[in-house]
Protein chains: 2
Amino acid sequence: MFEEICPSTLLPFKVGGDKWAGMVLRCLEGGPRRYSELRVPLARISPKMLTQSLRSLERDGFVRRTEYADPARRVTYELTGLGRSLLEPLRAFCDWAEDHWDELLDARES
Amino acid sequence: MFEEICPSTLLPFKVGGDKWAGMVLRCLEGGPRRYSELRVPLARISPKMLTQSLRSLERDGFVRRTEYADPARRVTYELTGLGRSLLEPLRAFCDWAEDHWDELLDARES
DNA sequence: GAGCGTGGTTACCGATTGGATACCTTGGTA
DNA sequence: TACCAAGGTATCCAATCGGTAACCACGCTC
């Protein structure tokens, strides 16, 4: 889903309080996801970083963690209202990056 | 101009390829600025970081550095077209942060 | 009872970031 | 002559970031 060099890596903005936060948020766009479900689109993330990223997004009120009482372990993560509202400017950035993709590459090469 | 805790520091996004890039860009919004002029609004930046930030913004095509042939040394920095186009999504972020300032503080405290 | 999946944690390590401080060169000014 | 401003560099250090790898508890299934 996210390439090794995706538009956001060319931003002069590291999109992430940590490197992954932005991608994690975008992965939650479609509704609640489990820990292991997040590891699929975020193929290159280590468990450590995913936990770290989720914890800090939770602490700051962007993501809600829900642990179910199921006998088998089940935890989901979903966007809070705050988190969802942030998707809009985030998308603006991503769109910008896609629109200027070529210019960005040109500039970086020379 | 930029408080110690300004909206962007509460984003889950470090707004800056480095910490300062976003602020530097916004300082250039009003037209060309000299090195020393940038140090005023960016009160807490060290010369090293300002140089570093400017160099990387220049390398990546967001900022143009102009050295004048004046006998006295004179250098200005200004936004390129690419840099200017980035202001829009950047402002979207800043606006968002201001709108959600209280929520951000609340979330961070608890 | 052996192994598997879920949802992590821990330890370790190297690379990167960012801050403080001192210093430098060129030219102008008193 | 001494000093000042502009536009930086150089050096050092501490903290943070991010990756690898190993491990772990719980419940389930074979």
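Below, all heavy atoms of this structure are taken into account, side chains as well, without hydrogens, waters or symmetry copies.
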Using a cut-off of 4.0 Å on non-hydrogen atoms, how would the nucleic acid contact of A/R65 be classed: base, sugar-phosphate, or nothing? sugar-phosphate
Distance check, rounded to the nearest 0.5 Å: B/E37 atom CD versus B/Y77 atom OH? 12.0 Å
So B/R55, base contact, sugar-phosphate only, or nothing? Heavy-atom distance under 4.0 Å. sugar-phosphate
Touch check for B/Y77, heavy atoms < 4.0 angstrom, all strands: base, sugar-phosphate only, or nothing? sugar-phosphate
Check A/E29 with A/R26, please: is the shortest side-chain N to carboxylate O separation under 4.0 Å? yes
For C/dG7 and A/R34 - does any side-chain N or O of the residue sit under 4.0 Å from the phosphate oxygens OP1/OP2? yes
Take B/L79 and B/L87, measure what side-chain contact (heavy atoms from CB on, under 4.5 Å) needs, and give me the verdict at the end. CA-CA 10 Å; B/L79 294 173; B/L87 284 177; 3.5 Å; yes
Please determine, for the side chain of B/S36, which listed nucleotide (C/dG7, D/dA6, C/dT9) has the closest atom? D/dA6
Between B/Y35 and B/T76, does the side chain to side chain donor-acceptor pair (under 3.5 Å) criterion hold? Intermediate values first, please. CA-CA 7 Å; B/Y35 187 87; B/T76 66; over 6 Å; no
Starting from C1' on D/dA6, measure out to CG on B/L50 and report it in whole angstrom. 13 Å
Please round to the nearest 0.5 Å and tell me the distance separating atom CZ of A/F62 and atom NE2 of B/H100. 9.5 Å
Its contact letters, B for base, S for sugar-phosphate only and - for none at protein heavy atoms under 4.0 Å, make nucleotides 19-29 of chain C read BB------SS-
Do A/D60 and A/L82 have side chains that approach each other closer than 4.5 Å (heavy atoms only, starting at C-beta)? no
Starting at the 5' end of DNA chain D, which residue's closest nucleotide do you reach first, B/R74 or A/Q52? B/R74
Taking B/R65 first and then B/E67, would you say they form a salt bridge - that is, a charged N and a carboxylate O separated by under 4.0 Å? yes
Nearest whole angstrom, please: distance from the P of D/dG8 to the CG of B/L38. 10 Å
Using 0.5 Å steps for rounding, measure from the CG atom of A/L57 to the OG atom of A/S53. 5.0 Å
Rounding to 10°, can you tell me the angle the first-five-pair axis of the helix from C/dG1-D/dC30 to C/dA30-D/dT1 makes with its last-five-pair axis? 20°
Between atom CG in A/D18 and atom P in C/dT17, what is the gap in whole Å? 15 Å
N-O pairing of B/R91 and B/D95 below 4.0 Å: no
Whole angstrom is fine here: how far is it from CZ in B/R39 over to C1' in D/dA5? 12 Å
Measure the distance from CZ on B/R33 to C1' on D/dG7 and round it to the nearest whole Å. 17 Å
How many whole angstroms separate atom OH of B/Y68 from atom P of D/dA6? 17 Å
